[in-house]
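I have placed the structure first, in the form of structure tokens, so that the comments after it can refer back to it.
Remember, predicted model here, so these are calculated numbers, not experimental data.
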Amino acid sequence: MMIQESTETIKEIIEDDIWGTIKKFLDLGYHFGEGDKSINITIGLLLLLTVAFLLTSTVLQAIRRFFTRKMEADDKLKFISIFKFIKYLVYVIVILFTMSAAGINITILITASAALFVGLGLALQEIFQDIIGGIFIIVDKSLRVGDIIEIDNKVGKVFEIKLRTTRAITRDDKVIIIPNHKFISDIVYNYTQNHKTTRELVRIGVAYGSDVELVTQILLDVVKSQRTILKSPKPFVIFEDFGDSALVFSINFYITDSFTDPRVKSEVRYKIDTEFRKHKISIPFPQRDVHLFQQGPFQHSNVSNTENNEKA
């Protein structure tokens with residue numbers, strides 16, 4: 001009996017004295033209005049807001065570390081701005097819930113904010129697409145600095161990847177700025193995604209009657225003499241077609257720098273032309289033979305008489 005009374009006494013002390021004192025302290029603050037329209041800004045509310053901010057920041061930092069643990073330093077810096085935006089968005093949500101807990105009617109504010117965000121979303125739709133594309137590029141490593149890409153019939157070497165845009169320099173030293181949504185919506189050729197070696201070709205036509213074995217050997221010798229062309233894999237020749245005016249061949253070879261391949265091909269063409277001249281192999285141009293058939297002698301007088309009869 002004494003133990004039960006002691007327990008009840010301790011319980012009353014905890015509930016009435018200790019917890020009551022803490023509750024009174026947390027309820028201290030400013031109180032505006034009465035009833036349903038009252039607004040209460042108290043120490044407890046401010047403490048709750050502070051704890052929510054700290055907890056949100058800790059959780060977001062943990063998420064950021066989880067997603068960026070295997071990323072390079074530059075990619076991590078790009079993600080910081082994304083997580084800052086997410087953090088601020090979460091802070092706004094926490095503030096709205098806190099205002100609601102304080103008794104402030106946030107329905108009108110939420111409605112106005114929703115309309116505003118819808119308008120901004122429509123206006124900034126492409127920007128959001130670019131940012132999402134940048135996130136995918138960084139996460140799945142589908143594009144790296146130094147990659148040689150072809151997009152919209154333009155070839156460029158990537159030198160900078162940002163969240164919204166990617167920058168590349170073309171073969172004529174012009175910088176192109178590519179929105180990142182292009183990499184997830186359009187077809188993009190990446191010449192160096194998996195390896196640095198690419199196969200190129202130079203197509204050439206020779207006159208009918210040429211020694212095809214000699215042509216093949218000359219083409220192989222030309223590419224083997226070029227220092228910028230790899231010896232392995234070995235170059236090879238394809239006899240492609242019997243064309244309208246020429247026998248069509250292509251010499252296929254491998255290089256390690258696709259960005260400079262127009263120069264390599266130009267050197268190969270110069271050398272082919274020189275070797276063909278030495279061996280009397282002609283490179284034809286398109287020709288057409290026109291044959292005129294006349295059944296009888298052409299008489300100017302007959303034409304003049306016919307025109308006069310028609311006028312009469």
Of the non-hydrogen atoms in [X] and [Y], which two are nearest, and what is the gap between them?
{"X": "Lys231", "Y": "Gln226", "value": "NZ-O, 3.8 Å"}
{"X": "Leu247", "Y": "Ala207", "value": "CD1-O, 4.0 Å"}
{"X": "Lys265", "Y": "Leu201", "value": "CE-O, 3.5 Å"}
{"X": "Ser245", "Y": "Pro284", "value": "O-CG, 3.3 Å"}
{"X": "Pro235", "Y": "Leu220", "value": "O-CD2, 3.7 Å"}
{"X": "Thr197", "Y": "Leu230", "value": "CG2-CD1, 3.8 Å"}

Would one find more than 12 heavy atoms of other residues, nucleotides or ligands at under 6.0 Å from atom CG of Asn153? no
Flag if over 12 foreign heavy atoms under 6.0 Å of CZ, Phe136: no
So do the side chains of [X] and [Y] get within less than 4.5 Å of each other, counting heavy atoms only?
{"X": "Val215", "Y": "Ile218", "answer": "no"}
{"X": "Ile178", "Y": "Arg167", "answer": "no"}
{"X": "Ile283", "Y": "Phe276", "answer": "yes"}
{"X": "Arg199", "Y": "Pro233", "answer": "no"}
{"X": "Val188", "Y": "Glu150", "answer": "no"}
{"X": "Thr228", "Y": "Asp257", "answer": "no"}
{"X": "Thr216", "Y": "Phe239", "answer": "no"}
{"X": "Ile169", "Y": "Lys174", "answer": "no"}

I'd like to know if Asp273 pairs up with Arg269 as an ion pair, taking the criterion as any Lys NZ or Arg NE/NH1/NH2 lying under 4.0 Å from an Asp or Glu carboxylate oxygen. no
If the threshold is 4.0 Å, N to carboxylate O, is there a salt bridge linking Asp261 and Arg171? yes
Determine, stepwise, if the pair Thr192 / Arg144 fulfils side chain to side chain contact (heavy atoms under 4.5 Å, CB included). CA-CA 9 Å; Thr192 53; Arg144 297 174 182 268; over 6 Å; no
So, using ring-ring contact (aromatic ring centres under 6.0 Å, His included) as the criterion, who are the partners of Phe253 when residues are at least two apart? none
Separation between [atom1] of [X] and [atom2] of [Y], rounded to the nearest 0.5 Å:
{"X": "Lys271", "Y": "Asp221", "atom1": "NZ", "atom2": "CG", "answer": "10.0 Å"}
{"X": "Asp152", "Y": "Ile176", "atom1": "CG", "atom2": "CD1", "answer": "8.5 Å"}
{"X": "Asp186", "Y": "Ile151", "atom1": "CG", "atom2": "CD1", "answer": "5.5 Å"}
{"X": "Ser225", "Y": "Glu267", "atom1": "OG", "atom2": "CD", "answer": "10.0 Å"}
{"X": "Glu200", "Y": "Ile229", "atom1": "CD", "atom2": "CD1", "answer": "10.0 Å"}
{"X": "Lys224", "Y": "Ile251", "atom1": "NZ", "atom2": "CD1", "answer": "9.0 Å"}

Could you walk me through whether Tyr191 and Val155 satisfy the side chain to side chain contact (heavy atoms under 4.5 Å, CB included) test, starting with their C-alpha distance in whole Å, then the side-chain angles of each, then the deciding distance to 0.1 Å, before giving a yes or no? CA-CA 10 Å; Tyr191 294 172; Val155 177; 3.9 Å; yes
Quick one: do [X] and [Y] end up in the same hydrophobic cluster if we chain Ile, Leu, Val, Met, Phe, Trp and Tyr together by side-chain heavy atoms under 4.5 Å apart?
{"X": "Val59", "Y": "Leu54", "value": "no"}
{"X": "Ile238", "Y": "Ile281", "value": "no"}
{"X": "Ile132", "Y": "Ile161", "value": "no"}
{"X": "Leu214", "Y": "Val268", "value": "yes"}
{"X": "Tyr270", "Y": "Phe249", "value": "no"}

Are Val248 and Arg203 close enough, and set up right, to give a side chain to side chain contact (heavy atoms under 4.5 Å, CB included), and what steps lead you there? CA-CA 7 Å; Val248 183; Arg203 188 171 283 107; 3.8 Å; yes
Side chains of Asn190 and Asp147: do they bring a donor and an acceptor to under 3.5 Å? yes
Is a donor on one side and an acceptor on the other found under 3.5 Å between the side chain of Asp211 and the backbone of Glu213? yes
Any pair counted as ring-ring contact (aromatic ring centres under 6.0 Å, His included), so long as it reaches residues 146-186, sequence neighbours left out: none
Between Val237 and Asn252, does a side chain to side chain contact (heavy atoms under 4.5 Å, CB included) hold up when you go through it step by step? CA-CA 6 Å; Val237 175; Asn252 297 260; over 6 Å; no
Does Asp130 form a salt bridge (charged side-chain N to carboxylate O under 4.0 Å, His left out) with Lys182? I'd like the steps, not just the answer. CA-CA 8 Å; Asp130 292 336; Lys182 288 275 189 181; over 6 Å; no
Hey, what's the ring geometry for Phe236 with Tyr254, parallel, tilted or perpendicular (30° and 60° as the breaks)? tilted
